[in-house]
Amino acid sequence: MRILCVAEKPSIAKSIAGILAGGHPSNRPGKDKFCRNYDFQYRMPGVQGMVDMTVTSVRGHLTNADFGPEYKAWYSCSPADLFTAPIMTNLSDDAKAIGLNLRNEARNADALMIWTDCDREGEHIGSEIVAEVRKVRRNIRVMRARFSAIIDSQIHAACQNTVELDWRAADAVESRIQLDLRIGAAFTRMQTLALQNHIPALNEARQVISYGPCQFPTLGFVVDRYNKVIEFVPELFWLLQLHKTRSMSGGDPAPEDPPDQIRKVVFNWDRGHLFDKLAVEILRDLCRASPLATVDNVNSKQTRKWKPYPLTTVELQKSGSRLLRLTPKRILDIAESLYQKGFLSYPRTETDQYDKEFDFNALIAKQTADGAWGGIAQRLLDGAFERPRNGRNNDKAHPPIHPTSHANNLTGDDKRVYDYVTRRFLGSCWTDAIGTQTTVNVSVAGEKFHASGLVILQRNYLEVFTYDKWEGNLLPPFVRGETFTPTRLEMKQGATTPPKLLTEADLVSLMDKNGIGTDATIAEHIAKVIERQYVMSVKEGKTSYLVPSTLGIGLVEGYNQLNLEKSLCKPVLRRETEFRMSLICAGERTKAETIAESVNEYREVFALTNRQFGRIAETVLSYLTDPNAGQEARAVEIGEHDEDDDVDAINLISDSDSDGDSDDGGGGPARGQGAARGAGRGRGAASRGGSTRGGRGGAAAGRAAPRLDRSGPDNDGGSKDARPGSDGSGSPSCLCGEAAVERTTNKAGANQGRRFYACAKPMGDPSKCDFFEWADTANTRSGFSNGSAPRTVPAKRSVPADTDEWSSNMRSTSSWSGSGSVRRCDCDLQAVRRTSGKSGANQGRSFWTCGRESIKLRCKFFEWDDDESPTTSTRAVNSSSGGGGGGGGGGASGACYRCGQSGHWASDCTNEQRTTANASGRGSAPKRGGAKRRGSGKTRGGGSGGRGGKDDGCFRCGKKGHWSSECPGT
DNA sequence: GCAAGGTC
């Protein structure tokens, strides 16, 4: 018997072969330069004699999806046709040799064992391998080896307990591939041609204005933050501060005290600051009237600075970009090359937990040779070692990033990245830093103040992880119950400061949180929006900030003007795609259904965008030609508060008053300068925004300025500080946990005028969540197509974890538990039974999901509350929706996007009330179903409708009645 | 001349 094993990448093939062979298997070159073939014999349980094994690999995906030749040229068809154009999937050019190797090796194999990574993409790559092998061995037996780490015991267990390939996961990926291609190509061609037509400069530069479901939300984040910065209106606040100068030996300083024994202690106000100047003045006067301070409490407690978590790709990119000041893409490229050289482990991982059996000692031992940290590595080996903290992520495919061997001849950025990874690894294997924190609480005339000191007792991990700073601050002695006269009591004025522009690290975080891209692609998306000239990286001091170009702002503003409920510049559509993929994985939807549904939805958005693209083009043009535009970016003061990552940083401007008349001389000038600077910047930014942004000035002025309130919980003085709208009177809570606001749908269509609940935060606020609920169905959570929030972070790499779970989910002859039993979700909480309110085949059906209250925090656990296996439920969905749907487009199990009724697609909708506004386009919109493209591109002119384009106007000159390829103007 | 996702 001979089994052909295929891994996702050469390094894994080598490791697996080494483990299964129990040493060094013989190996021979394959047809591809990187993918070698390893041969050995293996004893499989239940099989007589030894099995001949060959382990080889692919290099990621084997195939690429693209349109057929008749659609490839940009003028060959209307961009709208790309939503239905056939997609061809072929071996990529650089996978030709790999395919040949697979076919050669499979010819004399009895079985194929898939060893790709255990995630959705891995299942899809597995399906590509199966397809390739079946070209020569149609009926070959396929087995899936499931492993979560390259550890001997796991690899042997995976080999001996194979499961089925997860075809649903592969289908989910397939649907994403098709959707991304159609959306990307259609929108890119449409907007590029339309903008080139409108704007000669873009035409001359032949500049591609690409659209991508990850690119545009990435751009959207940058523009949102930029808008927040320039529209920011500072708000003044006031606070009290108490100073006491004291000798370290206790008591007031004496003349013989050396200077380093004298400490100026600043006591901060427990109220933080208030936005009511009069209130602060009154409190200050009260303190002045009886200025004696009483020490209410002196509290010392042990504190610690936590050592870093194990390193994930996203964290490497974030911290690397912040600390090493390299772009995320450069960091990933360097990590990749260090991995290739054998210095680092696999650099694309979401895992921040080490496997129980991880061999730390061997890896730490390799670092004892290092001149800089060798001694520390030795101390770890000698007993200082402490297991790294566990993070919350585990992709079950790769361990956290760590050094795999010692490197002593690296230079430049390679060395800086290697050093960071290694110091972080060693730091995570040490113990937290320990210190003693002392807090002194005092009161003056009933007002409370506090000061803190820190004594670092053990630096521990800080000795090797030198990127973390922890500075001690020694307080002179204070005794509970004592009284003293403050050296000064000040009232200070400050102002809220605008958020800073995004750094690349910020953007990586935002993308990660919102599920835009994956750990391996986030950096590429950022590089892409820079390459497309939507975003510029502007260096200010040591930090690079991302500033949208006029083109980038124009595009986002243009799209925002369309008021689409699901903005193309926001992450919500991407999340829907992810959510739909998860439904395919759960067996609730089929690939065909999902693709049809998504394509239908996107095509509607496309048609709407296309018809109104003139507005977008005008907006872009206005930004590109505005002589003031682009100055804004430079005018925005960036990098001023480099040390503070807080978006709502406080800028303490000046002393507005001091403790006594005698100090006025010192406080006066400082106040004057500071106030002028703060106010000047605020007005300047606001007016710049207003002057260059035309009509938006009013809206910007009407927006509430972000307000900071750092007052303590005991704050009872500043009623003005209370945030509006947080009391939630009858409103549901949004995903941020705050009261949602009621809004009205303005998009033309069946739901125009309908009320819904959404997050109260302003548009453009990156922290605004995507909560959505119709006001009239607030108690019946509808399906995601109505906007109920899907999970925040996509399951780029998510399949069930342990073998048992895997088996129960993957085997169709399942150990599916019966109804009524208590179930536990993936968080190991008691699962909660809910009922599907969504119209369609599963309406009213009960299911079990994660027990957490917050939708945002729920795990991916999902089970139907009946006896059906996932396979059965898939069939149920198929049959019912297939019957209900019209025509060849699959079933319409969801609601029609035009009239809101279920049972038919929007294209087949006969409900005349569907168009209420926007008479210019919508009323005359031809039906999609009536004019499906068939045959070659030559026949396209005959189709009178359904594809936009010709009837919506030529993409070159904008006139109707001819295709852009036939445009007389070209 | 379009996307995003693997990997090298």
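Computed from heavy atoms alone, side chains included, the values below leave out hydrogens, waters and symmetry copies. As the structure is a computational prediction, the values presented were derived from the model and not from experiment. Numbered from 1 within each chain, the chains take letters A, B, ... in sequence-line order.
Proximity note for A:Arg189 (side chain, C-beta onward) versus B:dG5, B:dA4, B:dC2: the nearest is B:dC2. Minimum atom distance to the side chain of A:Tyr346 is reached by B:dT7, of the listed B:dG6, B:dA3, B:dT7.
A:His525 comes within 4.0 angstrom of sugar-phosphate atoms only, judged by non-hydrogen atoms across all strands, and of no base. At the heavy-atom level, A:Arg182 lies nowhere under 4.0 Å from the strands shown. Residue A:Thr116 is classed as having no contact, given no heavy-atom separation below 4.0 Å to the nucleic acid. Heavy atoms of A:Ile177 sit under 4.0 angstrom from at least one base atom. At a threshold of 4.0 angstrom between heavy atoms, the contacts of A:Ala186 with the nucleic acid are absent. Among the heavy atoms of the strands lying under 4.0 Å from A:Tyr211 are primed sugar atoms or P, OP1, OP2 only; no base atom is included. At a threshold of 4.0 angstrom between heavy atoms, the contacts of A:Asp32 with the nucleic acid are absent.
Between A:Phe187 and A:Phe216, the distance from one ring center to the other does not fall under 6.0 angstrom.
Using a cutoff of 4.0 Å between basic side-chain nitrogens and carboxylate oxygens, A:Asp413 and A:Arg416 are scored as salt-bridged.
A side-chain hydrogen bond (donor to acceptor under 3.5 Å, both in side chains) with A:Arg176 is found for one member of A:His124, A:Glu578, A:Glu121 and no other, namely A:Glu121.
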